[in-house]
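Each remark here refers to the structure printed beneath this line.
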2 protein chains.
Amino acid sequence: MSAEVWLTQLHKNGYRITKARAAVVETVEKSTRALTPVEVYDMARKKYRALGLVTVYRTLEKLEELHIIQRVHQPMGCQAFISAGHGHQHLLLCQNCGQVAFFEGDDLDALIESVSKKTGYQISEHWFQLFGLCANCRVN
Amino acid sequence: MSAEVWLTQLHKNGYRITKARAAVVETVEKSTRALTPVEVYDMARKKYRALGLVTVYRTLEKLEELHIIQRVHQPMGCQAFISAGHGHQHLLLCQNCGQVAFFEGDDLDALIESVSKKTGYQISEHWFQLFGLCANCRVN
DNA sequence: TACTTATTGATAATGATTTTCAATAAGGAA
DNA sequence: TTCCTTATTGAAAATCATTATCAATAAGTA
Ligand SMILES: [Mn+2]
Ligand SMILES: [Mn+2]
Ligand SMILES: [Zn+2]
Ligand SMILES: [Zn+2]
């Protein structure tokens with residue numbers, strides 16, 4: 001998805017397209033690592049100087065509501081966002097540079113069934129995330 | 001592990017055993033759901049009225065350092081703690097009452113190997129957590 | 001172009017966590 | 001037990017992140 005598509009999505013849902021939003025969208029859309037509100041602010045302000053931090057918060061909130069971006073939980077903090085994956089995907093994070101990759105194809109049905117039987121819980125969701133070193137950081 | 005063992009662990013590591021710490025330890029140790037600092041504060045103050053919230057923060061910090069408790073990440077917030085699991089265990093959380101269960105035996109080696117091959121990442125850690133309804137909340 | 005109103009950024013308010021500090025009490029030594 | 005050193009404590013202040021307020025502005029439609 002390109003930045004234009006994100007803006008179209010916002011528009012479709014009744015939100016106006018503004019310079020502030022465009023700057024935030026362009027910043028987050030092209031990032032390959034999860035960004036905090038302040039990071040987005042600092043980067044997006046290079047595109048649109050007048051941008052306020054409050055608007056970054058508000059825009060991220062809306063993008064998350066529309067499932068265009070998703071929150072990323074990490075040991076150091078849980079207030080960072082990345083372009084959302086499509087369908088059933090999970091995150092793989094580089095512990096060195098923060099680079100994010102998505103993967104799919106996790107087959108947890110057997111495990112979940114077994115845990116459900118053992119514990120008596122009815123299981124409806126799962127969080128799954130991998131950590132390691134990206135190909136780049138691996139060599140350097 | 002009982003509260004006494006937790007206190008012994010603290011002592012072994014050079015920390016003094018105080019009424020404040022004992023109150024915090026007893027509270028967290030017997031809880032079957034993850035507690036936030038304020039929740040610990042409110043509960044522990046019934047055992048030791050003079051307790052300060054700051055001491056709760058400080059004690060939780062130390063217990064986490066010693067791997068006696070662990071942080072629990074949830075959609076609503078990531079600042080809650082529960083008695084740590086032993087060995088390689090993962091969490092199963094009741095979305096209704098917050099009850100926590102541990103499970104083990106997740107075999108992710110094949111998946112991780114496959115993801116590693118596809119992405120080029122060297123994978124060293126994983127986060128895995130299940131959500132659902134505990135046996136109790138299931139019927140009610 | 002004109003008009004309605006969502007959006008904006010500055011500012012203030014709030015809430016959570018951390019720091020500071022003087023008083024206290026834990027616990028090892030005598 | 002009694003001392004004595006110093007880690008620990010809670011109150012208060014400081015800091016940091018997030019949210020609410022509000023008057024000015026600009027998006028988008030007619
Ligand atoms: Mn999955
Ligand atoms: Mn595992
Ligand atoms: Zn990397
Ligand atoms: Zn339950």
Side-chain angles (χ1 to χ4, degrees), chain A residues 3-4 6-28 34-66 69 71-81, chain B residues 3-4 6-28 34-66 69 71-81:
Chain A
E4 288 75 41
W6 289 26
L7 291 171
T8 303
Q9 293 279 16
L10 284 170
H11 197 206
K12 267 187 199 165
N13 287 83
Y15 296 117
R16 293 181 181 175
I17 296 177
T18 65
K19 286 179 187 170
R21 284 181 180 157
V24 170
V25 160
E26 282 163 27
T27 300
V28 178
L35 300 175
T36 64
V38 174
E39 286 174 329
V40 172
Y41 176 67
D42 290 337
M43 296 168 73
R45 249 160 60 87
K46 289 172 184 157
K47 301 170 194 293
Y48 180 61
R49 260 281 170 268
L51 178 66
L53 177 56
V54 180
T55 299
V56 173
Y57 274 97
R58 290 190 279 227
T59 304
L60 291 175
E61 190 178 40
K62 287 177 178 59
L63 291 173
E64 191 184 20
E65 272 169 22
L66 298 178
I69 64 174
R71 182 181 302 266
V72 178
H73 296 258
Q74 284 176 274
M76 15 101 50
C78 302
Q79 178 73 321
F81 298 88
Chain B
E4 288 74 43
W6 288 26
L7 291 172
T8 302
Q9 293 281 16
L10 284 170
H11 197 207
K12 267 187 200 166
N13 286 82
Y15 296 117
R16 294 183 181 173
I17 297 177
T18 66
K19 287 179 187 170
R21 284 182 179 157
V24 169
V25 160
E26 282 163 28
T27 299
V28 178
L35 301 175
T36 64
V38 174
E39 285 174 328
V40 172
Y41 175 67
D42 290 337
M43 295 168 73
R45 249 161 60 85
K46 289 173 185 157
K47 300 171 195 292
Y48 181 60
R49 261 280 169 270
L51 179 66
L53 177 57
V54 180
T55 299
V56 173
Y57 274 97
R58 292 191 279 228
T59 304
L60 291 174
E61 190 177 40
K62 287 176 179 59
L63 291 171
E64 191 184 20
E65 273 170 21
L66 298 178
I69 64 175
R71 182 181 302 266
V72 178
H73 297 258
Q74 284 176 274
M76 13 101 52
C78 302
Q79 178 72 320
F81 298 87

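Side chains included, hydrogens not; waters and symmetry mates left out as well; all remaining heavy atoms used. Naming convention: chains lettered A, B, ... in sequence-line order (proteins, then strands); numbering from 1 in each chain.
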Protein heavy-atom contacts under 4.0 Å, written 5' to 3' over nucleotides 24-30 of chain D as B (base), S (sugar-phosphate only) or - (none), form the string --BBSS-
With the criterion being N/O to N/O and under 3.5 Å, what pairs connect the protein with nucleotides 11-13 of chain D, and how long is each?
none

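- If you measure from atom CZ of Arg45(A) to atom P of dG9(C), you get 10 Å, rounded to the nearest angstrom.
- Straight-line distance from the CG atom of Leu60(B) to the P atom of dT8(D): 15 Å, rounded to whole Å.
- Taking five base pairs at each end of the helix from dT1(C)-dA30(D) to dA30(C)-dT1(D), the local helix axes there meet at an angle of 40°, rounded to 10°.
- Residues passing the side chain to side chain contact (heavy atoms under 4.5 Å, CB included) test with Ile17(B), sequence neighbours excluded: Leu7(B), His11(B).
- The CG atom of Asn13(A) sits 16 Å away from the C1' atom of dT7(C) (whole-angstrom rounding).
- For Leu35(B) against Val28(B), the heavy-atom pair with the smallest separation is CD1-CA, 4.5 Å.
- Put simply, NZ on Lys12(B) is 15 Å from P on dG27(C), counting in whole angstrom units.
- At dT17(C), one or more side-chain N or O atoms of Gln79(B) fall inside 4.0 Å of OP1 or OP2 (strictly under the cut-off).
- For Ala20(B), the side chain to side chain contact (heavy atoms under 4.5 Å, CB included) criterion is met by Thr18(B), Tyr48(B), Leu51(B), Thr55(B), not counting sequence neighbours.
- Regarding Leu10(B), its CG atom lies at a distance of 15 Å from the P atom of dA26(C), rounded to whole Å.
- Arg21(A) has no side-chain polar atom (N or O) that falls below the 4.0 Å cut-off from OP1 or OP2 of dA6(C).
- Between the P atom of dT8(C) and the CD atom of Glu61(A) lies a distance of 12 Å, rounded to the nearest Å.
- Applying the salt bridge (charged side-chain N to carboxylate O under 4.0 Å, His left out) rule to pairs touching residues 37-46 of chain A yields Arg33(A)-Glu39(A), sequence neighbours excluded.
- With sequence neighbours excluded, the residues satisfying side chain to side chain contact (heavy atoms under 4.5 Å, CB included) with Lys47(A) are Ala23(A), Glu26(A), Thr27(A), Lys30(A).
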Test log, rule side-chain contact (heavy atoms from CB on, under 4.5 Å), inputs Val56(B) and Val38(B): CA-CA 8 Å; Val56(B) 173; Val38(B) 174; over 6 Å; no
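- We find that CD of Glu39(A) is positioned 16 Å from C1' of dT18(D), with the value rounded to whole Å.
- Shown here are the salt bridge (charged side-chain N to carboxylate O under 4.0 Å, His left out) partners of Arg71(A), two or more places apart in sequence or in another chain: Glu64(A).
- Pairs engaging residues 8-24 of chain B under the salt bridge (charged side-chain N to carboxylate O under 4.0 Å, His left out) rule: none recorded [sequence neighbours left out].
- Between the OH atom of Tyr41(A) and the OG1 atom of Thr59(A) there is a distance of 13.0 Å, given to the nearest 0.5 Å.
- The structure places CG of Leu66(B) at 4.5 Å from CG of Asn13(B), a figure rounded to the nearest 0.5 Å.
- For the pair Lys62(B) NZ and dA26(C) P, the computed distance is 16 Å after rounding to whole Å.
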